[in-house]
Structure formats: structure tokens, C-alpha cells
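A short write-up of the structure that comes next.
Read the numbers this way: they start at 1 and go in the same order the structure lists the ligands and their atoms. Sequential numbering from 1 along the given sequence is applied to the chain's residues.
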Amino acid sequence: MLLVVFATAQAGGVSDPTPSAILDRADAVKGTDFATFSRLVDQMAPHEADLAPIERSRLHFLQGWRATWQGDYDAGRRWLSDVVDHSTGDVLRLRAMATLINLLGNSHHYEEAFTRLTQLQELMRSVRDRYALFAARSEASQLLSSVGQFEQAEAYAKDMMENPPAGQTICFGAQHLLRARREANRLVSIDPLFERALQVCESTGYQVFAENMRADIAAFHLAQGRPAEAVKVLAAHRETMRRLDYPVLLSEFDATLAKAYLSLGDLANARRFAQSAVAGAIPNEFTDSRRVGYEVLYQIERKLGNASAALVFHEKYMAADKAYLDDVSARSLAFKMVDQQVVARKAQVDALSRQNEILRLTGALDRKEVETGRLYIVVLIASLAAIIWLVLRLRRSQLRFMKLARRDGLTGICNREHFVEQAERVLAYGARSDRAACLILFDLDHFKNVNDTFGHAVGDEVLKRAVEVSRRALHACDVFGRLGGEEFAVLLPDCSPAQARARAEQLRLSIAAAAGPHGKPAPSVTASFGVASTVPCGFELHRLLVVADAALYRAKRAGRNCVFMGDTGDIPDSPYLSEARG
Ligand SMILES: Nc1nc2c(ncn2[C@@H]2O[C@H](COP(=O)(O)OP(=O)(O)OP(=O)(O)O)[C@@H](O)[C@H]2O)c(=O)[nH]1
């Protein structure tokens, strides 16, 4: 997330040495002149004890802002939480909350980030300061976008564009709007609005934001099957981006460039940018750029037939992918958890007010001395029922969101992360009991044409239908998952290679013969299949995936709509391979 950097217009004069004027000045220059800002904060810090409470809070906010900017998250969190929890000024609290949310998101403290977001949204209702609201909307939009709450994220971005404070433009809001739309798959074309926002960002000196928008525009072209366009957007600005010294964004640029060059068949450039994306990703943090970088490096080695190097990169890709997905699901789990806590708190308040009402009635009846004993029983039963109802409701929603975190949102089958978990469990059992298992990978053919010809919504229906017919052809013990896009995997326990081939054929025929829902006409689609067996490959999932993927690649090259078995040549450390290479 980019920390929102913007300066207030109402800067104080340097000639006025009052603490309030120094704080004003520090606040005004913090986004444009970090050295002066830092010096002013250091100048004020020794006098903290002499400051009025509100000025002390302002100093803490600026110290927290500085620590956040410098990546000192522990210190930043302390300063900012102090302002949020103890300051008496609502505008300052809102600004501190916005910065704190940014820090919590960056440092992966997602549950606290969403708890603070709930507070922020509440406080936004009573604050009128446009500058503080602008910062709050910016953070809310980014955080909500990161957990797929795109409608709310868009609404905040639009508010930013419509109500910028003095000195601000559509630049920031447009940037958030673009990202939310792209990630929600709701971008149809690059609206002239975004082109205009790009120019505004550049002409007002916010180059980083302009480049951030370019990263999204390029990713959009790539997703739409226009890799050359993606290269055109990024290559011309890569040098500017490098000079801006913003490694996270540079790594994002490089990951997209690597993917685009791979699609264009330019393996040398694909490798160069993939290596740069991996090198530029934040150390010890699993970002999307690292994941994409390793995936591209793996694809390159696979295309070149370097099985051992492909295996090395595949392992790294799998580790980066898992860690990335862990982070994504930690984020959405935290969101759902906080959401659930809000619902639970509301339910508790409801239950309490119901109990109060009962007690009030009880009191009234007591005074009238009417059948008090019987009423007490009713009161007790009602309270108990309310509590049981509350517990059941919480339990049900807890189970529901745990299930949701494991399912693919579109098709309802295992998502990639859950598939890997389940498949590894089944393979471990197979290894212990010495029972062969097989992995089928399949990928819909020319699926991009379906999207391009009939639209994304029909594409989604086709995906759902393919899953539905495949499901009917599977056994209860098979593990079925969507690995991403239009690629699926099935792990067949207790299954020989010949049986797996027959099962893959059966899946192929079912998909090719599938009609639309209730027999409605729908675009016909086929799929290509790659099969790997534990008999030659062993029971490690990533090795089975590499072998099945190589077979699937051959199936695509052989004209699609067919099944290929992984052979010994696909096994990275197979003796056959070294013999074949000679
Ligand atoms: N409708 C829809 N499309 C998706 C989804 N996920 C990925 N896609 C699209 O799937 C397409 C995959 O295209 P390619 O990777 O070029 O593959 P292809 O067109 O199937 O071609 P081959 O695999 O070579 O046969 C892209 O256009 C993606 O935008 C999704 O959830 N829904």
C-alpha cells in the first residue's frame, strides 16, 4: 500500500516559533520535504512535556507518521495508537487512524487493521474536515480492495475524486478506483478518466501514483490477452520507475513485464524481468511479484526442456504461492472475523436490551405482586433462549466463513490452497499404505476466445458448467480443485496410471459434451489433460504437478482436447532424462 503523501495548504510561517506553528509547518512539509519535516519533529520532541495535550497528540501523530514512513512499525504503532485512543481531537484521531491502518496493513496485523477500520468508519460520520476524510477514504478504499470488498472500495475512491481537499486533485482517488475495478474484473476498457488522472498525477508531481496506475493498466492489457500493449505501457516508463526508488512498485512492473514477454515468446526478456521481480520483492515477505517471478522462471525452464531447473523454480514458486495465499487468506479471515465480531456485538446489545425489557416488565409486575414466580421462570427461559440463539448463530457463521476460506468463490470446489493441503494429506496416506495415486491437470482450451466472443459473464458460466460435469464424473474420495483461471486439478487416490488415463478421458468427453444449463445453447468448450502417477514420480505433490503440467503442455501443443500421460522424461531427476541428453 502506498502511504498517502499529501501536504496541507495551510502551512504556518517559519518566522513564528510557537509550538503550534512548528507543528503546522512539519505537518505541511511532511510529504514534500522529509528532511525539514524530520528536523522539525526532532526539534519539538525534547519539549514534549511542556506542550498542551492537543499539541502533544499532534507531535505523537507526526512521530507515528514518520516511523510508518521509515518502516519502523513497532514505534509507529505505539505513537499512532496513543493518538487514536487518547486524543481529544476527532480530526487528529481520524488522521492517526488512517495512518495506523496503513501501517497495520503493511505489517500484516490484519485483525487489528479491520478493527481500526470499523472505528474509522464510525468516526468518519462525525468529522467534516475534508483533508482528514480524504486520508481516511484512501486507506479504507485500499484495505477493503485487498479483501475483495470492491463496491465499498470504489465508493470511497469516488468520494475522494468528488471531494478533494484544497490542493488535491482526482489523482489519488482515480488510482484507487482503477485498482479496485481491475481487481474486481470490472474493468472493460481504459476509461479516458484514467488517462486524464494519469496526466494530472504527472503534472502535479505525483509521479509514483502515475506509475502505479500504469502498473494496473498494463496488468489489465495482459489479462485481456494483449501482452504487447502491456509491454508498451511499462517499458517506456521502467527507467523513470527505477529512478523513483520505489522497490515494491518496480518489482510489480517487472513481474508484469516478465509475464508479458513470456506470452510474446521473448524468453530472454521474460527471464531478465522475472529475475528482477524476484530480486526486488521485499525480503522475507511473500508478495505477488515474487510468486509471479518464480512462476515465469519455471515456465521458461519448462519450455526450454530444462527439467531440473524447472523443478527448482517450481518448488520456489509453490513456496511463494503458498505463502502469498496464506497472507491473502489471513487477510480475508481477519476481515470476516472482525465483521463477525461486529455482528456478535450487535447481537449482544440486542440480547441485552431484550433482557432489560424483560427485567423492566418483571419489576413492574413485581410491584403489582402478580404471579411473580411464574414470570421469573419465563424470564429465565427467555434469557436462556436468547443466549442459545446467539451462540448457535455465531457458531454457524464461524463454520460458514471457515468453509468459504477454503472454497473457490466462483465454482465452489477447493481453492488452490485447500487443494494442495488435501492432496498432500491423501498422498501422505498413499505413501504410508503403498497405494499408487494419480494427478490429473486440465485446462480449458482457447478459453480466452470464449471471454472475448461472449463476455466474461458467459465465461464464468462455462467455467461453472465444466466444473459441474467434471464433478459428476468424479468419485467421493477424489480431491478436485481450481488451481487458478481455467486450470483445474484432480488427485485420484488408489489409482493406477491406466485407470487415471481412462478417468481423464471420461472427464474430457464429459466436458466436450456438456450442454448449457437446462439444455440451453452455450459456447462449446473442450479441455486438454496431463496425467502424472506416483508409480514413476513418487508421492511429492510438486513433482507430480511438474510432470502433469509438462504432459498438459504437450497435449496443448498436440492440438488440444486430448489426454497425455507424463512420461519418465518429464521427471526432473530421472536417469532416463540424463541418458536422453547424453
Ligand atoms: N470468465 C472468466 N475468465 C477467466 C477467469 N480466470 C481467468 N480467465 C480468463 O481465462 C483466459 C485464459 O487465457 P489463456 O491463458 O490465454 O489460455 P486459453 O485462451 O485458454 O488458451 P489455451 O490454454 O492455450 O488453450 C484469460 O482470458 C483470462 O482472462 C474467470 O474466473 N472467469
Next item on the list: Determine the interplanar angle of the Tyr261 and Phe273 rings, folded into 0 to 90°, and report it as parallel if under 30°, tilted if 30 to 60°, perpendicular if over 60°.
Entry: parallel

Check: Under the ring pair (Phe, Tyr, Trp, His ring centres under 6.0 Å) test, which residues partner Phe442, sequence neighbours left out?
Finding: Phe488, Phe529

Check: What pairs with Tyr156 under ring pair (Phe, Tyr, Trp, His ring centres under 6.0 Å), at least two apart in sequence or on another chain?
Finding: none

Next item on the list: Under the salt bridge (Lys or Arg N to Asp or Glu O under 4.0 Å) rule, collect the residues that match up with Glu151, sequence neighbours excluded.
Entry: none

Checklist line | SG(Cys438) to SG(Cys495) below 2.5 Å | finding: no

Next item on the list: State, without any angle test, whether Gln299 and Arg302 hold a side-chain donor-acceptor pair at a distance under 3.5 Å.
Entry: yes

Check each N or O atom of ligand 1 against all protein N or O atoms and list the pairs under 3.5 Å, with atom names and distances to 0.1 Å, one per line.
from, atom 1, to, atom 2, distance (Å)
ligand 1, 1 (N), Asn451, OD1, 2.9
ligand 1, 1 (N), His456, O, 3.1
ligand 1, 1 (N), Asp460, N, 3.4
ligand 1, 1 (N), Asp460, OD1, 3.0
ligand 1, 3 (N), Asn451, ND2, 2.8
ligand 1, 17 (O), Glu486, OE2, 3.3
ligand 1, 19 (O), Phe447, N, 3.1
ligand 1, 19 (O), Lys448, N, 2.9
ligand 1, 20 (O), Leu444, O, 3.2
ligand 1, 20 (O), His446, N, 3.4
ligand 1, 20 (O), Phe447, N, 2.7
ligand 1, 20 (O), Glu486, OE2, 3.1
ligand 1, 23 (O), Asp443, OD1, 3.1
ligand 1, 23 (O), Lys556, NZ, 2.9
ligand 1, 24 (O), Arg560, NH2, 2.8
ligand 1, 25 (O), His446, N, 2.8
ligand 1, 25 (O), Lys556, NZ, 2.9
ligand 1, 25 (O), Arg560, NE, 2.7
ligand 1, 29 (O), Ala223, O, 3.3
ligand 1, 31 (O), Arg482, NH2, 2.7
ligand 1, 32 (N), Asp460, OD1, 2.6

